[in-house]
Each structure stands twice: as structure tokens, then as C-alpha cells.
2 protein chains.
Amino acid sequence: MMGGERAPRRRRRPEEAERAILAAARSFLAERPFREMTVEGVMARTGLSRPAFYAYFGDRYELVTRLLEGIGGLLLAVDWRWLSGDSAGGREAASAVLADALRGGSETFLEYGPVLRAISDAAVQDPRVEEVYRYGLIERLTRVVADRISRDVEAGLSPPDLDPEETAQALVLMTERYLLDAFGRPSDPPSFERTEAVFGALETIWVRTLYG
Amino acid sequence: MMGGERAPRRRRRPEEAERAILAAARSFLAERPFREMTVEGVMARTGLSRPAFYAYFGDRYELVTRLLEGIGGLLLAVDWRWLSGDSAGGREAASAVLADALRGGSETFLEYGPVLRAISDAAVQDPRVEEVYRYGLIERLTRVVADRISRDVEAGLSPPDLDPEETAQALVLMTERYLLDAFGRPSDPPSFERTEAVFGALETIWVRTLYG
DNA sequence: TCGCTTTATTGACACTGTGTCAATAGACAC
DNA sequence: GTGTCTATTGACACAGTGTCAATAAAGCGA
């Protein structure tokens with residue numbers, strides 16, 4: 001046997017190692033779905049051993065939760081423009097700003113699709129991720145949208161028979177699912193045409209429902 | 001020690017055992033989410049041992065796929081009324097039939113919610129379930145809806161700028177997600193009011209989008 | 001009723017992936 | 001250089017899966 005040289009142990013700053021693991025996870029999820037992501041598979045991309053993972057994260061669900069942290073705020077921030085605007089300016093103005101917010105949200109999905117898809121997949125398998133994703137992000141978005149719809153109904157911009165809470169929930173869930181479906185698949189970047197078609201369909205449904 | 005009497009082995013017809021396992025799975029899913037469903041947990045409700053499971057099903061994903069079999073056809077059948085109707089009779093008629101189809105679909109979800117939720121959860125974890133659910137059921141529904149929208153656009157019932165394929169996908173995904181969210185939670189039967197509100201929100205969005 | 005055949009059923013095993021911990025060995029301070 | 005700190009890991013225990021040869025219940029023919 002000639003082998004036997006073991007790879008020399010390297011030692012990094014904890015923060016650096018943690019960043020390396022997060023990056024490895026992102027890189028993994030850009031290629032393979034969450035269901036195939038094992039701790040071993042991620043750590044293979046870092047040069048560290050599997051047990052080292054547990055020095056930084058409790059398990060793969062915590063890892064994926066950490067990946068969400070930056071992105072969640074981004075989504076909320078983008079949509080905030082329409083969401084928190086007042087109802088002055090009429091339907092035209094509201095539609096335009098809504099379209100803008102939707103495009104912003106879509107672009108976030110386009111950029112972070114695989115990670116968001118991973119979070120959404122993980123939410124089904126782990127109660128803590130479900131908490132953070134569904135109740136932390138989605139439900140919060142829904143509440144804000146419901147508020148906005150409420151104001152638009154009172155201002156006469158939207159029809160009075162609209163149930164703000166339920167309508168908001170349906171629209172937000174639609175947007176989440178549809179964007180995940182369109183932009184959340186690992187490694188098949190959607191064409192420009194598809195992107196526009198997706199955005200157009202979302203805009204049509206939202207605008208016709210609220211200001212149609 | 002006094003113990004030691006082993007439970008007497010019982011022997012059933014294969015078909016009976018298989019039905020017992022399917023029933024045990026349904027009963028399990030009425031109480032607990034799919035992520036907690038282990039082969040052991042299901043077989044404990046049948047009086048059979050864990051290995052017996054593998055005489056009837058390849059794994060728990062195959063089990064859950066079998067649970068879908070009857071229900072999937074039901075969903076397609078209910079929606080078929082609106083879906084396959086012609087575009088004569090104007091928007092009023094089309095809206096009414098659509099509302100009817102939606103109510104039918106909602107009622108199916110109301111009855112089989114936990115099982116459907118389990119399938120949808122399992123689809124995230126297993127490629128074969130994903131195939132059956134997403135591409136077999138959801139996509140098939142989407143295609144039929146897209147056809148109907150296409151005809152309505154040509155007949156002048158729906159606006160010409162509607163993209164039938166994309167709109168259908170968004171609407172079907174919305175309906176699936178929203179109904180799962182409302183009626184798919186194990187063991188919390190929704191109130192009559194909630195049921196009506198959910199149905200109303202769906203009807204509003206579909207009708208305003210297509211015939212608004 | 002008895003013995004024989006069929007096959008439903010299971011105990012025991014191997015395997016994969018998880019999470020833990022005591023022991024090891026780089027990196028930095030002095 | 002020497003010593004301390006702590007990042008890193010080999011080895012372990014565990015949960016759940018899927019398999020298979022051995023077992024025994026049911027049905028059948030006499």
C-alpha cells in the first residue's frame with residue numbers, strides 16, 4: 001500500500017468555517033433538492049469532517065433557517081412599497097405600484113429560488129422551520145397584505161364584498177407557490193420570456209381581483 | 001417473571017391485511033402529520049409487525065400514493081363540469097358553473113384534507129410521489145383549466161390578454177395551497193363560517209380574474 | 001379428524017444517516 | 001520555544017429502513 005497520508009488538518013476561525021458551511025449549503029442547493037441534502041454531502045464541500053458541522057449548527061434544519069435570514073427581510077422590504085402606501089391616487093396608481101412590488105418580489109425569487117424552495121421543502125419536514133417560514137414570513141406578509149386590502153376596500157378602490165383576510169391569504173399563497181414552481185427548481189434558469197409571462201400572470205390576477 | 005405469553009399470531013387474507021394497513025394510515029394521518037408517520041407507527045395500529053408492511057408496500061411513499069388513488073379521480077371529476085363545459089351562456093352562466101365546481105373541489109378537500117396534505121408533504125420528500133401528485137394530478141388539472149380558459153378567451157368571455165397556460169397554473173396552485181392550508185391540518189375541523197369564507201375568496205378571485 | 005401444503009408472518013440482521021463526546025492537534029500569546 | 005486554548009475528528013450509540021430465512025396458521029384432501 002502506498003496510501004496512508006491523511007489530509008493535514010486545517011484550522012479556521014469559527015466565523016470563517018460557519019460562512020464556508022453556509023456557502024457549501026447554497027452551492028449544494030443550487031444543484032440538488034433539499035431532500036438529498038445530507039450533513040455529509042454539505043461538509044464534503046468544505047473540506048471539514050461531518051462532526052465539525054455540529055459545532056456550528058444543531059442540524060440541517062437550523063442550517064436552512066439561517067439561509068433564510070437575509071432573504072426574508074428582502075421579500076418583506078420589497079413588497080412594502082405597495083403594501084404600506086396609502087390609497088390616494090386611484091386604481092391606476094395603486095395597480096402600478098402593486099405591479100412594481102410584484103416584480104420586485106419575483107426578482108428576489110429569481111435570485112434566491114433554490115434556497116427559498118429548500119426552506120419551503122424543509123418546512124414540511126421540521127416544525128421549527130415551519131414556524132419560521134410559514135408563521136414568521138408567509139403569515140406576516142399575509143397580514144400586511146390584508147391590511148392594505150382593508151384600506152383599499154374602505155377607500156372604495158376595491159369592491160366591498162372582498163374579504164381582506166382570506167383574499168390576502170389566497171393571493172400570498174398563490175404567489176409563493178407559483179414563484180417557487182417557476183423559479184425554485186435547482187439548475188434550470190428560466191428564460192426571459194417565461195419570467196415575463198409569470199410576472200404578467202401574477203399581475204393580472206392580483207390587479208383584476210383587487211382593482212378589476 | 002410472569003410475562004412471556006406472546007400474542008398469538010393471526011393470519012389474514014392478504015387483501016384484508018392491505019386494507020387494514022391503508023385504514024391505519026388514514027387514521028394515523030387524521031391525528032398526526034406525515035413527517036411523524038413511520039412504518040412502525042402505522043403497523044402498531046394493525047396488530048401486525050413492522051416487517052409485514054413490506055409484504056404489501058414498498059415503503060411509506062408507496063403507501064401514501066395508494067391513498068391518493070381514489071381521491072385524485074374525485075377531484076378531476078368534480079371540476080370537470082365547469083372545465084369541460086362549452087362557452088355558451090355568457091359570463092353569468094360560466095361563473096355559476098365555476099363556482100359550483102370550486103365548491104365541489106373544496107368539499108373534497110374538506111373530507112380528505114389530511115390525506116391530501118400528507119400526499120403533498122410526501123411529494124416534497126420523494127420523487128415518485130412528486131411525479132404522481134404534481135405531474136399526474138396538479139399538472140393534469142392545470143392543463144384542463146388552461147384549455148377551458150383558452151376557449152373562454154376565444155369566445156370573448158375572458159379578456160384577450162390572459163395567458164391561459166400561466167393563469168391556469170397560478171390559479172390551480174393557489175387553490176391547492178389555500179385549501180390545504182385551510183382544510184389539511186390534522187384534527188382541527190374548520191367552522192362553517194370559515195368554510196364559506198374560504199370558498200367565497202376562491203370564487204371571487206377565479207371569477208374576477210376570468211370573467212371580471 | 002388428521003396430515004400436508006401453502007404462504008402470511010416475523011425475528012434477526014445489515015445499512016444509512018444522525019447526533020455526541022472524549023481525545024487530538026493547529027494556531028496564537030507570551 | 002513552550003503552553004494554552006479550542007477547532008477538529010474518530011469512534012460510538014441510536015433511530016428508522018428494508019431484507020430474508022425460518023416459523024406457524026389456515027385451508028384442503030383424505
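Each chain gets a letter, A, B and so on, in the order its sequence line appears, and its residues count up from 1.
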| Picking from C/dT10, D/dA11, D/dT17, which would you name as closest to the side chain of B/Val39? | D/dT17

| Looking at B/Arg103 and B/Glu196, does any basic side-chain N land under 4.0 Å from a carboxylate oxygen? | yes

| query | What nucleotide among C/dA8, C/dT20, D/dG16 has an atom nearest to a side-chain atom of A/Tyr54? | reply | C/dT20

| task | Find the distance A/Glu15:CD to D/dA7:P and express it as a whole number of Å. | result | 12 Å

| request: For the side chain of B/Thr38, starting at C-beta, report the closest nucleotide among C/dT18, C/dT10, D/dG16. | output: D/dG16

| Between B/Tyr56 (OH) and D/dT19 (C1'), how many Å, whole number? | 16 Å

| task | Grab the CD-P distance between A/Glu40 and D/dG10 for me, whole Å please. | result | 11 Å

| said: Check this for me: does any side-chain nitrogen of one of B/Arg66 and B/Glu62 sit under 4.0 Å from a carboxylate oxygen of the other? | reply: no

| query | Which of the following nucleotides, D/dA7, C/dG19, D/dG10, is nearest to the side chain of A/Arg50? | reply | C/dG19

| Which nucleotide in the set C/dA12, D/dT9, C/dG17 lies at the smallest distance from any side-chain heavy atom of B/Pro51? | C/dA12

| Where the side chain of A/Ala17 is defined as all heavy atoms beyond and including C-beta, which of C/dG17, D/dG27, D/dT8 is the nearest nucleotide? | D/dT8

| A/Arg11 side chain, from C-beta outward: closest of D/dG10, C/dT7, D/dC5 | D/dC5

| field | Heavy-atom check, side chain of B/Val145 versus side chain of B/Trp206, under 4.5 Å | value | yes

| Nucleotide C/dT7, atom C1' - distance to CZ of B/Arg12 in whole Å | 16 Å

| note | Heavy-atom nearest nucleotide on DNA chain D taken for B/Asp59 and for B/Arg13; more 5' hit belongs to B/Asp59

| Separation of B/Glu16 atom CD from C/dT7 atom C1', in whole Å? | 15 Å

| If you measure from the Lys or Arg side-chain nitrogens to the Asp or Glu carboxylate oxygens, is any gap between A/Asp181 and A/Arg177 under 4.0 Å? | no

| query | If you draw the axis of the six-membered ring of A/Phe34, does the NZ or CZ of A/Arg60 fall within 45° of it and under 6.0 Å from the ring centre? | reply | yes

| remark: 5'-most contact on DNA chain D (nearest-nucleotide basis), B/Phe53 vs A/Leu48, goes to A/Leu48

